[in-house]
K.L.:
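Before I ask anything, let me first share the structure, which is written out below as structure tokens.
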Amino acid sequence: MKVIEGVFDGKGLKFAIVVSRFNSFFSEKLLEGALDALKRHNVEEENIDVFKVPGAFEIPFITKKLIKKDYDAIIALGVVIRGETYHFEVVANEVSKGVAQINIESNIPVTFGVVTSETLEQSIDRSGAKAGNKGFEAAMAAIEMANLNKQLKE
Ligand SMILES: Nc1c(NC[C@H](O)[C@H](O)[C@H](O)CO)[nH]c(=O)[nH]c1=O
Ligand SMILES: CC(=O)[C@@H](O)COP(=O)(O)O
């Protein structure tokens, strides 16, 4: 039996991070977490590009353009927090659907670090408090998937 999986060494790999500014109090924490994960796993600073968009709804648009570039993986980060209206469902569903669709169409992995929370506390917990940092997790998944993808291309 063979088990093929990606290692957590990012040396020589190129990453793009697409992060939305809406709820930036939290999304900046996700960005910090993602950058921490990449740098602590040997990704060189010159191999990391950060693209900022207004809100999570705009993440797929930029991500689709970036899959044509020479990145080994893309990390999508954002924070969608329920308000008073149905807008939460619209934004949350469209960003996840958009990123999932791009993954299907792309030759490189796009990992999903968009927090969709019902309350501020849930956002706090997932941007570096008791539920971890979803940006760090998405970056780790990107390193693993980029390495697995490289193996499958060889
Ligand atoms: N309410 C949230 C939004 N809304 C903004 C949209 O993402 C989009 O930028 C706007 O509709 C203009 O096209 N975005 C988030 O990232 N998080 C939210 O909680
Ligand atoms: C996720 C959203 O779009 C939400 O924050 C907007 O708040 P509201 O539904 O009160 O307009």
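Note that the coordinates shown come from a computational prediction; the quantities given were computed from them, not determined experimentally. First listed ligand is number 1; within each ligand, the first listed atom is number 1.
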K.L.:
Is the shortest N/O to N/O distance between I81 and ligand 2 below 3.5 Å?
P.N.:
yes

K.L.:
Could you report the tightest heavy-atom contact between A56 and V80, atom names first, then the distance?
P.N.:
CB-CG2, 3.7 Å

K.L.:
Relative to the heavy atoms of N23, which atoms of ligand 1 are at a distance of less than 4.0 Å?
P.N.:
17 (N), 18 (C), 19 (O)

K.L.:
Using a strict cut-off of 4.0 Å, indicate which atoms of ligand 1 neighbour a heavy atom of V80.
P.N.:
17 (N), 18 (C), 19 (O)

K.L.:
Could you tell me, atom by atom, which parts of ligand 2 come under 4.0 Å of a heavy atom of G83?
P.N.:
4 (C), 7 (O), 8 (P), 9 (O), 10 (O)

K.L.:
Just go through R21, R82, E94, E58 and tell me whose heavy atom is the nearest to atom 10 (C) of ligand 1.
P.N.:
E58

K.L.:
Which ligand 2 atoms does V80 reach within 4.0 Å, using its non-hydrogen atoms?
P.N.:
1 (C)

K.L.:
For K11, does the NZ atom have more than 12 heavy-atom neighbours from other residues, nucleotides or ligands under 6.0 Å away?
P.N.:
no

K.L.:
Less than 3.5 Å between some nitrogen or oxygen of P54 and one of ligand 1, yes or no?
P.N.:
no

K.L.:
Report, in ascending order of atom number, the atoms of ligand 2 lying under 4.0 Å from any heavy atom of H87.
P.N.:
2 (C), 3 (O), 6 (C)

K.L.:
Please determine whether a side-chain nitrogen of the Lys or Arg among E44 and K39 lies less than 4.0 Å from a carboxylate oxygen of the Asp or Glu.
P.N.:
no

K.L.:
So is T85 polar-close to ligand 2, meaning N/O to N/O under 3.5 Å?
P.N.:
yes

K.L.:
Determine the minimum heavy-atom distance between L30 and G78, stating which atoms define it.
P.N.:
CD1-O, 3.4 Å

K.L.:
For A146 versus P109, what's the shortest heavy-atom pair and its separation?
P.N.:
N-CG, 4.0 Å

K.L.:
Considering both backbone and side-chain atoms of V79, is one of its nitrogen or oxygen atoms within less than 3.5 Å of a nitrogen or oxygen in ligand 1?
P.N.:
yes

K.L.:
In terms of atom number and element, which parts of ligand 2 are under 4.0 angstrom from non-hydrogen atoms of E84?
P.N.:
8 (P), 9 (O), 10 (O)

K.L.:
Identify every side-chain donor-acceptor pair in residues 12-25 under 3.5 Å, counting partners at least two apart or on other chains, and give the distances.
P.N.:
{"from": "K14", "atom 1": "NZ", "to": "D70", "atom 2": "OD1", "distance (Å)": "3.2"}
{"from": "K14", "atom 1": "NZ", "to": "D70", "atom 2": "OD2", "distance (Å)": "3.3"}
{"from": "N23", "atom 1": "ND2", "to": "V79", "atom 2": "O", "distance (Å)": "2.9"}

K.L.:
Is a donor from one side chain sitting under 3.5 angstrom from an acceptor on the other, for N47 and Y71?
P.N.:
no

K.L.:
Salt bridge or not between E28 and K52? Use side-chain N to carboxylate O under 4.0 Å.
P.N.:
yes

K.L.:
Mind checking salt bridge (Lys or Arg N to Asp or Glu O under 4.0 Å) for K150 and listing every partner two or more places apart, or none if nothing turns up?
P.N.:
none

K.L.:
Hey, does A56 come in under 3.5 Å of ligand 1, counting only N/O atoms on both sides?
P.N.:
yes

K.L.:
Please could you name the atoms of ligand 1 that I81 approaches to less than 4.0 Å, counting only its heavy atoms?
P.N.:
19 (O)

K.L.:
Could you check atom 14 (N) of ligand 1 against the protein and tell me its nearest heavy-atom contact, residue, atom and distance included?
P.N.:
F22 CG, 3.4 Å

K.L.:
With heavy-atom distances below 4.0 Å as the criterion, list the atoms of ligand 1 near F57.
P.N.:
6 (C), 7 (O), 8 (C)

K.L.:
Do you know which two heavy atoms are closest between A76 and V110, and how far apart they sit?
P.N.:
CB-CG1, 4.5 Å

